[in-house]
Amino acid sequence: MGLNFIGDVGVYLPSRDAVKITAIDGDRVIDCYATRSALEAVGCPGLAEGSELLRHFQKHRDNLELAAIVKYRRALTRPTAIEVEAADLAAILPASAA
């Protein structure tokens, strides 16, 4: 199977400085986190606060989800959580965007 993302919006978690979304793979729940470095890689300002991070996340959600899917598929064992970082976007975005 593969990841299927659920929910319409992400949730900013200040303790992780990341936006969380949830995916499922069959009957498994996978927490996916878009880190600040990933959000900055898609154009979010470095000093952005939670609401601005969420706006950038929503704007670039498709690319962030794709990066999570790629990272999940490349994992040697099926993880229960995925952290999407700037380096993970380099594989899916044009060089000028990442």
Side-chain angles (χ1 to χ4, degrees):
M1 294 197 136
L3 291 182
N4 291 309
F5 293 90
I6 57 176
D8 293 331
V9 296
V11 176
Y12 176 67
L13 301 176
S15 62
R16 290 185 78 121
D17 197 24
V19 176
K20 177 185 173 187
I21 54 174
T22 303
I24 55 173
D25 179 7
D27 62 348
R28 299 183 51 193
V29 175
I30 314 299
D31 293 329
C32 299
Y33 301 93
T35 64
R36 180 174 291 273
S37 73
L39 294 166
E40 288 175 356
V42 294
C44 189
L47 298 176
E49 295 293 323
S51 62
E52 191 169 358
L53 290 170
L54 283 169
R55 277 194 303 279
H56 271 81
F57 171 81
Q58 287 302 125
K59 183 177 178 183
H60 299 282
R61 183 174 178 149
D62 290 343
N63 286 328
L64 294 161
E65 286 181 357
L66 182 57
I69 290 168
V70 169
K71 193 167 188 173
Y72 184 75
R73 287 184 181 166
R74 289 182 177 169
L76 297 176
T77 59
R78 291 295 176 226
T80 58
I82 297 286
E83 281 199 9
V84 176
E85 300 180 39
D88 301 317
L89 291 164
I92 63 164
L93 295 177
S96 62

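Remark: Asp17 engages Tyr12, Arg36 in a side-chain hydrogen bond (donor to acceptor under 3.5 Å, both in side chains) (not counting sequence neighbours). Not counting sequence neighbours, Arg28 has no partner by the salt bridge (Lys or Arg N to Asp or Glu O under 4.0 Å) test. Leu76 pairs by the side chain to side chain contact (heavy atoms under 4.5 Å, CB included) definition with nothing, not counting sequence neighbours. The salt bridge (Lys or Arg N to Asp or Glu O under 4.0 Å) test applied to Lys20 returns Asp31, not counting sequence neighbours.
Of all heavy-atom pairs between Leu64 and Ala38, the closest is CD2-CB, 4.0 Å.
Of the possible donor and acceptor atoms, none in the side chain of Arg73 sits under 3.5 Å from a partner among the backbone N and O of Ala68.
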All N/O donor-acceptor pairs, side-chain side in residues 46-56, below 3.5 Å, sequence neighbours left out:
unit_1: His56; atom_1: ND1; unit_2: Glu52; atom_2: O; d: 3.4
unit_1: His56; atom_1: NE2; unit_2: Gly43; atom_2: O; d: 3.4

Ignoring hydrogens and angles, write down the donor-acceptor pairs under 3.5 Å from the side chains of residues 79-94, residues two or more places apart or on other chains.
unit_1: Glu83; atom_1: OE2; unit_2: Arg16; atom_2: NH2; d: 2.4
unit_1: Asp88; atom_1: OD2; unit_2: Lys71; atom_2: NZ; d: 3.0
unit_1: Asp88; atom_1: OD2; unit_2: Glu85; atom_2: N; d: 2.8

For this session: Please step through side chain to side chain contact (heavy atoms under 4.5 Å, CB included) for the pair Val19 and Leu39, ending with a clear verdict.
Result: CA-CA 9 Å; Val19 176; Leu39 294 166; 4.0 Å; yes
For this session: Applying side chain to side chain contact (heavy atoms under 4.5 Å, CB included), run through Ile24 and Phe5 and close with a yes or a no.
Result: CA-CA 6 Å; Ile24 55 173; Phe5 293 90; over 6 Å; no
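Counting only residues at least two apart or in different chains, salt bridge (charged side-chain N to carboxylate O under 4.0 Å, His left out) contacts with residues 56-66 comprise Arg61-Glu65.
Residue Phe57 is tested with Ile21, Val9, Val42 for a side chain to side chain contact (heavy atoms under 4.5 Å, CB included); the sole match is Ile21.
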